[in-house]
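Structure, as structure tokens:
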Amino acid sequence: MAQDAVPANTLPEIRVTAPSPIVKRKPAAAPASSRVARTAPAPARVPEPAALQQGVLPIVTDQFATVTVVPNEEIRRAGGATLGDLLNSKPGITGSSFAPGASSRPIIRGLDVNRVGILENGTGAGGASDLGEDHFVPVDPLAADQIEVIRGPAALRYGSTSIGGVVSTTNNRIPEALPACAAAPFQSYGLPVKAPVANLGQPSCMNAETRTAFSSVDRGIEGAILLDAGGGNVALHADAYGRRAGDYDIPGAPYLGDPSVNPGRQPNSAARGDGVSLGGSYLFDGGFIGAAVTQNDALYHIPGRDGADHQTRIDARQTKFTAKGEYRPDSAAIEAIRFWAGATDYKHNEIGLADTSDPTTDGVRQTFTNKEQEARVELQMMPFNARFATVTTAFGLQAGHQELTAPSPDDPGALYNGLWNPNHNSRIAGYVFNEFAFSAATRAQLAGRIEHVELSGSTPDFPADFLPDGSAQFSSDRHLNYTPKSGSLGLLQDLPGGLVGSITAQYVERAPKPAELFSRGPHDATATFDIGNPNLTIETAKTVEIGLRKATGPLRFEATAYYTRFNNFIYRRLTGVMCGEDFDSCGNGDPENEGRQAVYSQRDAIFKGGEFQSQLDVAQLYGGTWGVETQFDVVRATFTDGSNVPRIPPVRAGGGLFWRDANWLTRINLLHAFAHNDIAAIAETPTPGYNLLKAEISYNTKLNQSWFGAREMLVGLVGNNLLNEPIRNSVSYSKDDVLMPGLGVRAFANLKF
């Protein structure tokens, strides 16, 4: 046992792409034969990046607010089936877990759906996950290479609906460079060499990767295959994935207050999903342009009393086209021009029994469709010396259109029926980011955004006894316009000892979204009767955040504290009234009423809290390094009268031990969630605390390629909820009917060829 001091640990650079339009990296260049001469041409092929050592906590210190990075190897080890499941234990982040393993959207600092953006390769994920907690996010971690969670001013790059933050996933579906020749040229696979005419003599390369896993808690299986090939000026990518899981095991009875119902397994919680994608890029001198087509399908069940009784399930399908490109001209004024574009065609059917006693009544209870298009272009200027600082400026223009429908299942063609009438959402925005380098140690950022939003739809029906003035309101077409304006200021300062301090302030306005304005009926999967408010005004958030981070040496950590004041905070308020199929049924006492009335409302609110995580390499042990890691997060959210904002995550604290060397990683970690009693006065119950114990062991090694051509292998075992604790998630609408999965073991293997 070696007791020597742990040497200073300088980590490989973490490349993040989502936080700022001012990107400091160099582009991937095209092959040499297609380039004109430049002063310092970039390499023809992107090299294999320096891998972040397994288990090392990634800390980002060059951004003006907290950025949580989940690198590829951690995604493979963690293995969440949804982004919410994967990120659920990260400081400041939880998952909505309406249907664990199938539908769980990330919640950042207590803010969800309409305040958290989800991106894939720079464009919106699409789908309908922001329209209902039961809807899945059409971005599967099996296809992700890195996930970045961005908070603070950088969210202005993506729009006012990202007040809470942005969850950005990246993969190689649109290649930005030729694949590294990590594998042999094509001829080693028995294929003929066909050198491009424009680049005779440069071998073409093909790399492959497989990702597989098995889980005991739901008898689940998942797998993916990814292919990358390229030569000359063309790079190609293809991937396919699939997953299947049954009803998952739980420690006890699922329904709060009813211990007799199906103890040991969560009813109606099975899920399956699959997807396929094909993309390619053309590389040229100083840049690239590429596109991809992706298909995502899912069929999953909705757990809970109502979901199990009605055998509710969602059958979803999404087709998505995305494109992006970058050009760095040989110019004294312009450093880079970038664009992103995407189009989504999404539809899902909510299927279930109309009559729980009659299986012949199984059918479509609700349909959602989303047709969405968006485009964003950015112009990054060359840095210039303004005497007091070196200034770098980036301009952006963003536009999008969305058409949503949720027709009545009984009469799809009827006007003013269904959860909402077809509505349209058009938006256009401009933004600017300025970064000032006063010195190598002191930097500042000033950013602003203005957007124009046009919404058209029809108002809900309001009976006379619902409105304060006692007058009835009938459905009518509405055309609403909003012009949200936002700005931010940040300061980043290098401090002694490798520390970096930051302080940011931001002012963000958000326009209401269609579901908040125009909802007016039963939503079967969530068992709610949603009532929109077409008179909602712009929501405003004013935030101050301070941070301290350290990324190098044996101690790595980040600490953040924030305070946000909301004016006209829009939230979904459960009233305690039960409804049937229309307004007249609400509160009439009919025992057949199954929908909880949920009304969109506005009030001023205050969110404040903080996050901390650290990792300390203590000493050398048996040729590796052992150490300690800790984490803590808290968010307190109240309205200005002191009452509680509903559905807020609990205070959490945790820690553990790890040991790692060049190949092995072992970890054991305990996360304690305190009991959550700061609840809304109506229709919300307290949530007991819990202890979540996890352990893992993994092995990563290079291989002799004579072993079936594989060149690298990552295998491991992960144990989750090892104490088999009954865990209920305080942010979930269905927490009283849905327990999180119990004790389970997951085995995984990742091979690169």
Side-chain angles (χ1 to χ4, degrees), residues 78-82 84-86 88-89 94-104 133-134 136 213-222 243-273 299-314 352-353 356-357 359 525-527 650 670-673 675-676 685-696 717-748:
T82 68
D85 293 338
L86 180 68
N88 187 59
S89 296
T94 50
S96 60
S97 67
F98 194 92
S103 173
S104 185
E133 291 75 12
D134 55 310
F136 89 118
F214 303 89
S215 55
S216 65
V217 72
D218 55 8
R219 296 149 301 284
I221 181 172
E222 64 186 46
R243 61 171 76 246
R244 301 288 185 276
D247 291 349
Y248 61 80
D249 297 335
I250 54 174
Y255 306 147
L256 191 66
D258 191 354
S260 63
V261 177
N262 202 44
R265 188 160 293 181
Q266 183 70 52
N268 210 51
S269 60
R272 72 172 189 258
L299 177 61
Y300 58 95
H301 296 244
I302 301 297
R305 294 176 191 263
D306 186 80
D309 290 344
H310 290 84
Q311 301 176 27
T312 306
R313 55 211 186 271
I314 290 181
L353 300 174
T356 58
S357 62
T526 59
L670 178 68
L671 180 63
H672 176 72
H676 183 69
T685 57
T687 307
Y690 61 83
N691 292 297
L692 179 62
L693 181 64
K694 294 183 178 181
E696 65 177 282
L717 292 172
V718 178
N720 189 47
N721 195 6
L722 295 177
L723 300 177
N724 206 29
E725 285 264 304
I727 298 175
R728 298 190 186 274
N729 187 352
S730 65
V731 302
S732 173
Y733 274 110
S734 58
K735 68 182 177 69
D736 290 343
D737 293 340
V738 178
L739 277 175
M740 300 295 285
L743 186 153
V745 177
R746 177 175 174 271
F748 65 91

Phe136 side chain reached by Thr82 side chain, heavy atoms, under 4.5 Å:
no
Write down the atom of Leu86, the atom of Ala78, and the distance for their closest heavy-atom approach.
CD1-CB, 3.4 Å
Can you name the closest pair of heavy atoms from Leu692 and Ile727 and give their distance?
CD1-CD1, 3.9 Å
Taking every non-hydrogen atom, the tightest pair across Arg728 and Thr687:
O-CG2, 3.2 Å
All heavy atoms of Asn691 vs all of Asn721, minimum pair found to be O-OD1, 4.3 Å
For the backbone of Ala271 and the side chain of His301, can you confirm whether one donor and one acceptor N or O come within less than 3.5 Å of each other?
no
Distance in Å, Gln266 CD paired with Asp249 CG, rounded so as to fall on 0.5 Å steps
11.0 Å
Closest non-hydrogen atoms of Ser89 and Lys694, given as atom of the first, atom of the second and distance, are OG-NZ, 3.6 Å
CG/Asp309 to OG1/Thr356 distance, rounded to the nearest 0.5 angstrom?
6.0 Å
CZ on Arg219 to OH on Tyr248, rounded to 0.5 Å:
12.0 Å
So, Ser734 and Asp737: side-chain donor and acceptor under 3.5 Å apart, yes or no?
no
Does the Asp247 side chain pair with the main chain of Arg265, one donor and one acceptor, at a distance under 3.5 Å?
no
Minimum side-chain heavy-atom gap Val217-Asn720 below 4.5 Å
no
Side-chain ion pair, Arg305 and Asp736, N-O less than 4.0 Å:
no
Per salt bridge (charged side-chain N to carboxylate O under 4.0 Å, His left out), Glu222 is matched among Arg272, Arg244, Arg746 by Arg746
Heavy-atom closest pair, residues Ser97 and Asn729
OG-ND2, 2.8 Å
Nearest 0.5 Å please: distance from the OG1 atom of Thr312 over to the OH atom of Tyr300.
11.5 Å
Between Pro100 and Ser269, is any pair of side-chain heavy atoms under 4.5 Å apart?
no
Measuring only between side-chain heavy atoms, which start at C-beta, is Thr685 closer than 4.5 Å to Lys735?
yes
Please check if the side chain of Asn268 supplies one atom and the backbone of Gly307 the other of a donor-acceptor pair under 3.5 Å.
yes
Are Phe98 and Ile302 close enough, and set up right, to give a side chain to side chain contact (heavy atoms under 4.5 Å, CB included), and what steps lead you there?
CA-CA 8 Å; Phe98 194 92; Ile302 301 297; 3.5 Å; yes
